[in-house]
Every structure is written in C-alpha cells, then in structure tokens.
Asks: 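Let me give you the structure first, and then I'll get to my questions.
Computed from heavy atoms alone, side chains included, the values below leave out hydrogens, waters and symmetry copies. As the structure lists them, so they are numbered: ligands from 1, and atoms in each ligand from 1.
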Amino acid sequence: MCGIVAYVGARTAHDVVLDGLRRLEYRGYDSAGIAVLDGGSVDVRRKAGALGNLEAVLEAEPLAGSTTGIGHTRWATHGAPTDGNAHPHVDCRRALAVVHNGVIENHSALRDELTNVGHVFGSQTDTEVVAHLLEEELDGPPGGEGQAAQHSSSRTPEEFAEAMRRVCRRLAGSFSLVAIHRDFPGVVVGARRNSPLVVGRGDGEAFLASDVAAFIAATRQAVEVGQDCVVLLTPQRLEITDFEGNPTRGREYRVDWDASAAEKGGYDYFMLKEIAEQPDAVAATLLGRLGRDGTLTLDESRLDTRVFVEVDKIVVVACGTAYHAGLIAKYAIEHWAGLPCEVELASEFRYRDPILDRQSLVIAISQSGETLDTLMAVQHAKEMGARVLAICNTLGATIPRESDAVLYTRAGPEIGVAATKSFLTQLVAVYLVALYLAQLRGTKYGDEVAGVVRELAAMPSKVAAVLDTMEPVRAIARELARVPTVLFIGRHVGYPVALEGALKLKELAYMHAEGFAAGELKHGPIALIEEGVPVVVVMPPPSGRSVLHAKLLANLQEIRARGARTIVVAEEGDEAVRPYSDHLVAIPAVPTLLQPLVSVVPLQVFACELAVARGNDVDRPRNLAKSVTVE
Ligand code: M6R
C-alpha cells in the first residue's frame, strides 16, 4: 500500500529519493517523507497530504546534501494521516530512521515492552516500534551511553544487518522495511515478509524500493528480494540473507519497460493513457502464444502439462477487478475445457474450509502480484496440496513467486489506481489458460483452439475501434455527473462486465453504483427503478447465444417501462434494442465469450469522464491505493 525507496550512491540522496517517490505516489498519497544521514544524526522531513506538500517543506527547509537516504509515500493503516504519523520514523536518539509498508500485527505488545524500558513514542503508527527495536539492538535502551558512543568508527555494516534480522524475528504481520543509521553511512538495510522489496543496481549506486518504477529512470537491472529476507546494500555490495543469517540469492532480471512507460505521456491522467494503451496491451499478452504448428504454448507457466490434464477442478481466487476477470474465466473454462470452475474472493476463500486436493488447480489473478488477500489464499491453497497458477502483471512479484507457475500479462506498468489495461490483459490470460486446458484435455480440436486464438488476435483492432468512438459516451457521462446512482445489468459474461462498470464508477466518482445479473432484477433490484434512473445495459451479441439476447432484451423493456434512462452497450447493427435505448453505444461484433474485451471499454471511459466531471482525481481516488498489501 505504501511506497518505499532508498538510495545509496554518489548523487544527492534526497533528490533521487524524491524522484522515486513521484513514481511511487500511486501506492499511497496520505503523507510522504524523506530521511537522510546528516553527520551525527538523521535529518527527516515529512508532511501529511500529497507529495506536493512534502516538496513545499523541502523547499522551505532543505535537507543536507547526503548520499544516503530513504523515502516513503503512505497509505495510512495505523494512525491517522497526519504529519506526526508520516514516515520515516526515528528512534529516541535520532540515530536511525525507518520506513515501512505493511502491518506489524504485534505492535501493541512491542510498544508496551519498549515503553517500559524508557522508549518514548512520537506517533500512533505500528511502524515506530521497529525504529525503537532497532535502537535497542544497535545502541541499547535510551539514556544509556550506547554502542555508538563507544565504538562508532569501528562498526561494520554486518552489525546493522544482524540487528535487522533480530528485529524481524520478533515481528508478526507483513512488512517491507528499510532503515539507515548514522554510524553506517553509505549503507541501507532492508527486510521483507509478504510485502514487496526489490533492489535496483546502477553504476556506482543502488536502490531498494517497493517497485521498480522508483528507480527505472536510473537502472533497469533489478534483483528480487525473497520472502523473509534481509538485505544489506551499499553502492557496490548486495548481500541477502534469511532472517537467521543464512546467505541466499535474489533473482536478477532486467526490467523490460523504460521510464517513459511510467509517465503520463501527454495525457491528463494515467488512467486515460492506460485506457488508450489497451489495444497494445492485449496484443502484447497474446504475442508468441500460438506455435507454428497451430498449438497453443504457455511457455513461462512452469507447470507440467500433466497437471493440466489431470486436474479435476479449477478454483479462481482474486480481488476487485481481478475477481471480475475470474468470473469471466469461469464461463470460458467451463465452456471450452468442460471443467468445473469456482471463483472466489480471495478475502473469503481463506476464512472458510475450501475443499481442495492435489487434483485442484488454483488460479490466482493479480495485477500487482502483491495483494495480501490473494497471497494468503495462494499460501492456503498450497498448504492444502493444490497446484497454483498465478496470472500476474508484475515481474518477480510475491504472488507469482509463491505460486507453482505463472502466466504473465504484458500490460506494462499500470499507475492509475483503477484497473483498466490490466483487466483486459487478465481476460486474455484466462482465455489462454481455458484454451490450453481444452487443448491438452482434448475438449477442443487443435484447429478450434487456433480459431479462437485468431479471433483473439483480432481483438486489439476491435478495442481500438471502440476507443475511436467514445465521444458520445463522454458526453453522456458529463450529463449524468450529478445523478445519485447508476445501475448496471448484464447476463452471462456481461454480468461481470456490469459489476466491473459499477466498481469503476464507485471508486472513481464516489457515487452509488451497482451491478446486477439481469435475471435477478425481478428478485428485488427492479424496485430501485424509477423515473430517470440511469441503467447501463450490457447486451450480448444477437447472433451468439440468441436466448441470452432475447432474455436481456426483455429485461431492457421491463426497466424502460418503469422509467429507467437506458444506456445500452450493444453490438453494431443490433436494431432490436434501439427502440428501448435512450443512448445506444455500438461495439464491434465479436464472439460471445470474448465480448467483455470490447464491452467493458465504454464503461471505463464513462466512469473516468464522469469522475473528472465531478472534480475527482481519477489517478488517486480517495481512500484507495493501487495495491492492497494489508488485509
Ligand atoms: O493488484 P491486484 O490485481 O491484485 O488488485 C486487486 C484489486 O485491488 C484491484 O483490482 C482494485 O479492485 C482496482 N482498484 C479496481 O479498479
């Protein structure tokens, strides 16, 4: 949820850290802060609110020109988003500073223990216990002479790393931690458990961050830090150990996108840029999947093909938009591969007693690969013996690493909090998995699989065609900017699309929006319909499963008869809906199962435009952050 960046090198640390924070601000924007080493102490600036507030503080009270620094952009969990709760946090001596992403679950007991030996806390955060625990390890209780006074010049960086290991062994919960200490100039120590941390290795400089976006302008060479590991970093040196001190290696990789991918590129919002990038993102995710012989290959999946053949049940776990992709996966997997498929919110999955065994394949969908609920569901599934396939957009993230196999989507960095291009690429990925299962299990012939892959290959141009015709959708959105509620209905794969349209509107426009399965209308929701209530209707293709179209047409007539203002998303040339549509949004003809790839696009544009018309910042909706790394 929060963004962390640390720098050691030859440049002015606070400039580099601030630049990194600008790229990480999407992870949290309640408050921000920077600490640098300044001779005999750490120098800290922190401020509630967006990063701009911190920049103003730095302007008024510049930091020292240190070459070792850490920074943080916060999404508050413990303690309100105030100046005092903003990170970095310091110890009693102001000898060290620490930033944290995650939740320290046993912070309350630790705080009592530390207070009893004289530590004084300056914030309500769970994080501050780490600063004082490190102080205990490195310098002893406050008031004492401390190790520093005794032999500060002879201290080795290993001592700092060992202190972090000892602290980590005492912590419960999830954390990425990064710390600096006055006795260790040019050294940053970090740690992680169930929260991301990645090293960036530049020329004579090094970074430690929650996300490669923080250092992509300086280097594309990255090293994944494994679960339950401590990192010791200097400009030349990288040492990773587990919490017991056993050396371990991180996986090195080269980031395959550059800094421009994480910039707005002339758009007012990242979200607008990311919506526009969808045709390319879909095409990239499809690239190289169909072999010359017409068979589908999922090269990087790492799962033995026998697993796909022997599996007797699929369970999809995910949150938010990724969950909606999972709901669509169910239709494709059951239809093409003939396998039972359950879809469950990751946050619910782990607190019930799912029936899983070695024959079950769990598919965990996550753009960030960091969502804690999804990660916990993955761990739970593995404990039960199931195989886990991750669908993820972030190379080296925790969820793919903890899974047995991974299929990467290739959406590129998604900075806007609202998921857009990641959703379309997740859909492509679930279609590919469904087809792969069908191919290996023989429920579809090779030429049939190749046929669907060819239809998928045509989708980028169809999505582009939708994007070219969005001006009327924007106009409707502006007209509806002040309505109190918008409802969405759909059937079959149009139902998750309706849910997704409503989620986008809630998170961006802060208004009541709800998606329904159209068949459920008469079981309650139709009571909400009164004169002028806007209802977005996602119509299935008339020539697909015609019964679906007929049923939804009947629902459309019912709500129209009760006064609804209908905004109908329907295949071009679908004349049957015209008499019942106040606004008709035409989308290209595509096969029924693939229709979400085009039908969701107008709903994204609608939500974005409506939210902007209400004066909201669509990249940074209130109370939200891009990845939810806490429960
Ligand atoms: O990174 P993930 O895909 O695991 O994130 C899951 C949800 O938090 C995410 O899709 C969220 O619902 C989006 N903000 C919705 O636009």
Asks: Which of the numbered atoms in ligand 1 are under 4.0 angstrom from any heavy atom belonging to Lys504?
Replies: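 Those of ligand 1 that fall under 4.0 Å from Lys504 are 15 (C), 16 (O).
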
Asks: Any Lys/Arg nitrogen of Glu348 or Arg352 sitting under 4.0 Å from an Asp/Glu carboxylate oxygen of the other?
Replies: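 Result for this pair is no, no salt bridge flagged.
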
Asks: Which of the atoms of ligand 1 are close to Ser368, meaning less than 4.0 Å from one of its heavy atoms?
Replies: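 In order of number, 1 (O), 2 (P), 4 (O).
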
Asks: Quick one: which ligand 1 atoms are inside 4.0 Å of a heavy atom on Ala419?
Replies: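 It comes down to these atoms of ligand 1: 15 (C), 16 (O).
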
Asks: In terms of side-chain geometry, is the basic nitrogen of Lys382 or Glu402 positioned less than 4.0 Å from the acidic oxygen of its partner?
Replies: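 Judged by the 4.0 Å cut-off on N to carboxylate O distance, Lys382 and Glu402 do not form a salt bridge.
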
Asks: Under 3.5 Å, N or O to N or O, is Thr374 touching ligand 1 that way?
Replies: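 No; the residue has no nitrogen or oxygen that sits under 3.5 Å from a nitrogen or oxygen of the ligand.
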
Asks: Give the residue and atom name of whichever protein heavy atom lies nearest to atom 16 (O) of ligand 1, and the separation in Å to one decimal.
Replies: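 The closest heavy atom on the protein side is Glu507 OE2, 2.4 Å.
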
Asks: When only distance counts, is Gly369 in polar contact with ligand 1, meaning an N/O pair under 3.5 Å?
Replies: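 No, no N or O pair falls under 3.5 Å.
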
Asks: Can Arg622 be said to sit on top of Tyr510's aromatic six-ring, NZ or CZ under 6.0 Å from centre and within 45° of the ring axis?
Replies: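 Yes, a cation-pi geometry holds between Arg622 and Tyr510.
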
Asks: For atom 8 (O) of ligand 1, what is the closest protein heavy atom, and at what distance to 0.1 Å?
Replies: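 Protein heavy atom with the smallest distance to atom 8 (O) of ligand 1: Val628 CG2, 4.1 Å.
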
Asks: Centroid separation under 6.0 Å, is that true for the rings of Phe423 and His324?
Replies: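 No - the distance between ring centres of His324 and Phe423 does not fall below the 6.0 Å cut-off.
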
Asks: What atoms in ligand 1 come closer than 4.0 Å to a heavy atom of Ser366?
Replies: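 Going through ligand 1 atom by atom, the ones under 4.0 Å from Ser366 are 1 (O), 2 (P), 3 (O), 4 (O).
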
Asks: Salt bridge between Arg478 and Glu471, side-chain N to carboxylate O under 4.0 Å?
Replies: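 So Arg478 pairs with Glu471 through a salt bridge.
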
Asks: Which ligand 1 atoms does Ala418 reach within 4.0 Å, using its non-hydrogen atoms?
Replies: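 Close to Ala418: 16 (O).
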
Asks: Using the side chain to side chain contact (heavy atoms under 4.5 Å, CB included) rule, pick out the option among Asn101, Leu372, Ile104 that qualifies with Ser174.
Replies: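 Among the candidates, only Leu372 passes.
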
Asks: Does the side chain of Asn85 come under 3.5 Å of the side chain of Thr125 through a donor N or O and an acceptor N or O?
Replies: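 Thr125 and Asn85 do not have a side-chain donor-acceptor pair below 3.5 Å.
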
Asks: For Lys313, is there an ion pair with Glu342 - N to carboxylate O distance below 4.0 angstrom?
Replies: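 Result for this pair is yes, salt bridge flagged.
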
Asks: Determine whether the side chains of Gln227 and Thr398 contain a donor N or O and an acceptor N or O closer than 3.5 Å.
Replies: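 Their side chains do not contain a donor-acceptor pair, so the 3.5 Å distance test is not met.
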
Asks: Taking only heavy atoms of Gln367 into account, list the atoms of ligand 1 that are under 4.0 Å away from them.
Replies: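 What qualifies from ligand 1 is 1 (O), 2 (P), 3 (O), 4 (O).
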
Asks: State whether the shortest distance between N or O atoms of Lys626 and N or O atoms of ligand 1 falls below 3.5 angstrom.
Replies: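 There is no such contact.
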
Asks: Looking only at protein heavy atoms, which one is nearest to atom 7 (C) of ligand 1, and what is the separation?
Replies: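 Minimum-distance protein heavy atom for atom 7 (C) of ligand 1 reads Cys319 O, 3.6 Å.
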
Asks: Starting from atom 5 (O) of ligand 1, find the nearest protein heavy-atom neighbour and note its residue, name and distance.
Replies: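 Looking at atom 5 (O) of ligand 1, the protein heavy atom closest to it is Thr371 OG1, 3.5 Å.
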
Asks: Which residue holds the protein heavy atom closest to atom 11 (C) of ligand 1, what is that atom called, and what is the gap in Å?
Replies: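 Of every protein heavy atom, Thr321 N, 4.2 Å lies nearest to atom 11 (C) of ligand 1.
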
